Amino acid sequence: MQVDPQPLTKEAFAPYGDVIDIPTEAGRQYYEDALGNLRAEARPSLSVSLKADTPDRPLRAELLERHEFSSQSFVPIDVARWLIVVAPHAASGGPDTSAVRAFIATGRQGVTYKPNTWHHGLTTLDEPGRFAVFMWRAGAQDEEFVPVAPFTIKIP
């Protein structure tokens, strides 16, 4: 299966979470309604990540992850284009890879994945990128990774 990514828009991404637009004018925008935590014992976690660019074209995806009880936000600090790959949770469990969607984000767009949204790992394109990452953590139950039947994403 090959997935063709589309530009990231709020409307297209809405089933999976929220798009965070980096302001271009003075002022502040709030996105706290996008944050989700389903465990009282979880604590907020803020980290900064440097991700090497991914030269593979097309990109081969073999692993998806989710944070069942927490939203996860990626806010670009110094990023060019980056790739977002998402899948809904299947009624039978695990990711529904028949409904995989892919988006190309600019360095002025971040995202918050809703809790329980399956997604591919952070993937930068063209050059390395730095992100601020926010989620809720409560120990070993924070992340689930599952192998999936390989599929490719065509990177323009």
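Note that this is a predicted model, so its numbers are computed, not measured. Heads up: numbering here begins at 1 and tracks the sequence.
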- Looking at residues at least two apart in the chain, or sitting in another chain, which of them share a salt bridge (Lys or Arg N to Asp or Glu O under 4.0 Å) with Asp56? none
- Task: Give the C-alpha distance, both sets of side-chain angles, the deciding distance and a yes or no for side chain to side chain contact (heavy atoms under 4.5 Å, CB included) between Val75 and Val133.
- Result: CA-CA 6 Å; Val75 180; Val133 182; over 6 Å; no
- Task: Measure the CD-NE2 distance between Glu143 and His67 for me, rounded to the nearest 0.5 Å.
- Result: 5.0 Å
- Message: Using the side chain to side chain contact (heavy atoms under 4.5 Å, CB included) criterion, which residues pair with Ala14? Sequence neighbours excluded.
- Response: none
- Can you check side chain to side chain contact (heavy atoms under 4.5 Å, CB included) on Leu8 and Ile104, steps first, answer last? CA-CA 6 Å; Leu8 180 65; Ile104 301 281; over 6 Å; no
- Kindly compute the distance separating CD1 (Ile84) from CG (Leu122), expressed to the nearest 0.5 Å. 9.0 Å
- Query: At what distance, to the nearest 0.5 angstrom, does NE2 of His89 lie from OG1 of Thr117?
  - Reply: 10.5 Å
- Message: Checking Gln2 against Asp4: is there a side-chain donor and acceptor pair closer than 3.5 Å?
- Response: yes
- May I have the step-by-step check of side chain to side chain contact (heavy atoms under 4.5 Å, CB included) for Val3 and Val85, ending in yes or no? CA-CA 9 Å; Val3 178; Val85 179; over 6 Å; no
- Item | Qualifying residues under side chain to side chain contact (heavy atoms under 4.5 Å, CB included), relative to Glu68, sequence neighbours excluded | Arg66, Asn116
- Message: Going by side chain to side chain contact (heavy atoms under 4.5 Å, CB included), name the residues that satisfy it together with Arg57, two or more places apart in sequence or in a different chain.
- Response: Arg81, Leu125, Asp126, Ile155
- What one should report as the nearest heavy-atom pair of Lys154 and Pro58 is CA-CB, 4.2 Å
- Query: Listed by chain and number, what are the ring pair (Phe, Tyr, Trp, His ring centres under 6.0 Å) partners of Phe103, not counting sequence neighbours?
  - Reply: Phe13
- Query: Has the side chain of Ser73 got a donor or acceptor atom that lies under 3.5 Å from a matching backbone atom of Thr112?
  - Reply: no
- Query: Which residues satisfy the salt bridge (Lys or Arg N to Asp or Glu O under 4.0 Å) test with Arg108, sequence neighbours excluded?
  - Reply: none
- Task: Please report the C-alpha distance between Leu63 and Val146 in whole Å, then the side-chain angles of each, then the deciding distance to 0.1 Å, and finally whether the side chain to side chain contact (heavy atoms under 4.5 Å, CB included) criterion is met.
- Result: CA-CA 6 Å; Leu63 187 72; Val146 298; 5.6 Å; no
- Item | Separation between CZ of Phe74 and CD of Gln109, rounded to the nearest 0.5 Å | 15.0 Å
- Item | Verify same cluster id: Leu59, Leu64 (apolar side-chain graph, 4.5 Å) | yes
- Task: State whether a side-chain donor-acceptor pair under 3.5 Å links His119 with Gln72.
- Result: yes
- Query: Of all residues at least two apart in sequence or in a different chain, which pass the ring pair (Phe, Tyr, Trp, His ring centres under 6.0 Å) check with Phe134?
  - Reply: Trp136
- Task: For Ala87 and Pro95, work out which heavy atoms get closest and say how close.
- Result: CB-CB, 4.3 Å
- Item | Residue pairs, two or more places apart or on separate chains, that pass salt bridge (Lys or Arg N to Asp or Glu O under 4.0 Å) and touch residues 32-45 | Arg39-Asp142
- What distance do Asp18 atom CG and Tyr31 atom OH have between them, rounded to the nearest 0.5 Å? 9.0 Å
- Message: Using the ring centroid of each side chain, check whether Phe131 and Trp82 are separated by less than 6.0 Å.
- Response: yes
- side chain to side chain donor-acceptor pair (under 3.5 Å) contacts in which one or both residues fall within residues 7-17, not counting sequence neighbours: Lys10-Asp21
- Listed by chain and number, what are the salt bridge (Lys or Arg N to Asp or Glu O under 4.0 Å) partners of Glu62, not counting sequence neighbours? Arg60
- Message: Could you work out, with side chain to side chain contact (heavy atoms under 4.5 Å, CB included) as the rule, every residue matching Pro128, not counting sequence neighbours?
- Response: Leu50, Asp53
- Under 3.5 Å, side chain of Thr124 to main-chain N/O of Ala52, donor-acceptor pair present? yes
- In chain order, what residues pass the ring pair (Phe, Tyr, Trp, His ring centres under 6.0 Å) check against His120, with sequence neighbours excluded? none
- Spacing of OG belonging to Ser71 relative to CG belonging to Leu35, to within rounding of 0.5 Å: 5.0 Å
- Message: Testing the basics here: between Pro76 and Gly107, what is the closest heavy-atom pair and its distance to 0.1 Å?
- Response: CG-O, 3.3 Å
